[in-house]
Amino acid sequence: MVSVSSLMISDVSADEALAPIKPARKSAHAHHLGHRERLRARAKAGGLVALPDYELLELFLFRTIPRGDVKPLAKRLLTRFGSFGGVLGASIEELCTVSGIGEAAAMDIKLLHEATLRAGRDKIVKRPVISSWSALLGYVRVALANESREQFRVLFLDKKNQLIADEVMNRGTVDHAPVYPREVMRRALELSSSNIILVHNHPTPPISITLDHAPNR
């Protein structure tokens, strides 16, 4: 017995049959993934200090937003808040007003801000503040430079002028922050503080930060 198979020949022209096969276009995901890897490689090779602010912020956002192009988002944040420090200093509510930033991303940015503050605080905790004045000023600038509202905070010191606590006693408006001396003194007594440093910022131009040192008698 001889079996016969029939072959179906599609209706394809000779030119179409001989035409080279075009490579498939890379997906947007593959493109963004390649960009992320290139940015990580540049950061590793040249160091994070070599990256501009938007790329540093972009690199950080990779961890929170695992897919997509976050470069436009990083640039929107910098435009909205004026600087890298301004982005870190913004509140969660303010960050969430930027398109593309949800509560999780906003919380991660505030986590970075808190880590920066604690790193600066480590330089002055358990050290005489007077002998670490430049470190104190640096810490205060990081803590207050990008605050959008006036803030009154107190640094409580022990008898060796070492930092016991740094506390925000009151938050005000853009041009006013009330202070209640009785509350400051009550807290100083609770902490057995011998000296205090009063810190106050003025967020409206010209931006300034005022420090005043006073003994607790």
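Just so it is clear, the values below take in all heavy atoms, side chains as well, and ignore hydrogens, waters and symmetry mates.
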Worksheet item: Who pairs with Lys110 by side-chain hydrogen bond (donor to acceptor under 3.5 Å, both in side chains), at least two apart in sequence or on another chain?
Response: His113
Worksheet entry | Single-linkage hydrophobic cluster Leu112~Leu56, side-chain heavy atoms < 4.5 angstrom | yes
Response to the item:
Shortest non-hydrogen pair, Arg36 vs Gly68, comes out as NH2-O, 2.9 Å
Item to complete: Determine, using the 4.5 Å side-chain heavy-atom cutoff (strictly less than), whether Leu95 and Leu117 are members of one ILVMFWY cluster.
Response: no
Worksheet item: So, Ser193 side chain and Leu157 main chain: donor-acceptor pair closer than 3.5 Å or not?
Response: yes
Practice prompt. Measure across Cys96 and Ala106 and return the closest heavy-atom pair with its distance rounded to 0.1 Å.
Written response: SG-CB, 3.9 Å
Fill in: Hydrophobic cluster membership, Leu111 vs Ile109, 4.5 Å side-chain cutoff
no
Worksheet item: What's the verdict on side-chain contact (heavy atoms from CB on, under 4.5 Å) for Lys44 and Arg40, showing C-alpha distance, side-chain angles and the deciding distance?
Response: CA-CA 6 Å; Lys44 183 178 179 180; Arg40 289 190 179 102; over 6 Å; no
Fill in: Gln151 and His200 side chains, donor-acceptor separation under 3.5 Å
no
Worksheet entry | For Glu103, salt bridge (charged side-chain N to carboxylate O under 4.0 Å, His left out) partners two or more places apart | none
Worksheet entry | Nearest heavy atoms of Asn195 and Asp158, plus distance in Å | ND2-O, 3.7 Å
Fill in: Residues Glu55, Arg42: salt bridge by 4.0 Å N-O rule
yes
Worksheet item: Between Leu39 and Phe62, is any pair of side-chain heavy atoms under 4.5 Å apart?
Response: yes
Practice prompt. Report yes if some heavy atom in the side chain of Leu78 is under 4.5 Å from a heavy atom in the side chain of Lys75; otherwise report no.
Written response: no
Worksheet entry | Phe81 side chain reached by Glu94 side chain, heavy atoms, under 4.5 Å | yes
Practice prompt. Scan for salt bridge (Lys or Arg N to Asp or Glu O under 4.0 Å) pairs involving residues 180-196, sequence neighbours excluded, and state none if there are none.
Written response: Glu167-Arg187, Glu183-Arg186, Arg186-Glu190, Arg187-Glu190
Worksheet item: Considering only heavy atoms from C-beta outward, does the side chain of Leu163 approach that of Ile197 to under 4.5 Å?
Response: no
Item to complete: Mind checking the OG-CG spacing from Ser83 to Leu77? Nearest 0.5 Å is all I need.
Response: 11.5 Å
Response to the item:
Those residues at least two apart in sequence (or on a different chain) that pass side-chain hydrogen bond (donor to acceptor under 3.5 Å, both in side chains) with Thr64 are Asp108
Discussion item. To check you understand the geometry: which heavy-atom pair defines the closest contact between Leu51 and Ala43, and what is its length?
Written reply: CD1-CB, 3.8 Å
Item to complete: State yes or no: do Met169 and Val179 share one hydrophobic cluster built from I, L, V, M, F, W and Y residues joined by side-chain heavy-atom distances below 4.5 Å, directly or via other members?
Response: yes
Practice prompt. Tell me whether Tyr180 is reachable from Val154 by hopping between hydrophobic residues (I, L, V, M, F, W, Y) whose side-chain heavy atoms are closer than 4.5 Å.
Written response: no
Discussion item. Please give the remaining members of the hydrophobic cluster of Ile92, linking ILVMFWY side chains under 4.5 Å, ordered by chain and number.
Written reply: Met107
Worksheet item: Roughly how far apart are Phe152 CZ and Asn170 CG, rounded to 0.5 Å?
Response: 9.0 Å
Worksheet item: Can you list the residues that meet the side chain to side chain contact (heavy atoms under 4.5 Å, CB included) rule with Arg80, with sequence neighbours excluded?
Response: Thr97, Val98
Worksheet item: If every non-hydrogen atom of Leu57 is compared with every non-hydrogen atom of Ala74, which pair is closest and at what distance?
Response: CD2-O, 3.7 Å
Worksheet entry | Spacing of Ile164 atom CD1 and Leu191 atom CG [to the nearest 0.5 Å] | 6.0 Å
Worksheet item: Which value, rounded to the nearest 0.5 Å, describes the distance between Phe84 atom CZ and Thr116 atom OG1?
Response: 7.5 Å
Item to complete: Take Arg76 and Lys71 through the test side-chain contact (heavy atoms from CB on, under 4.5 Å) and record every step on the way to the result.
Response: CA-CA 9 Å; Arg76 283 199 299 273; Lys71 181 189 291 185; over 6 Å; no
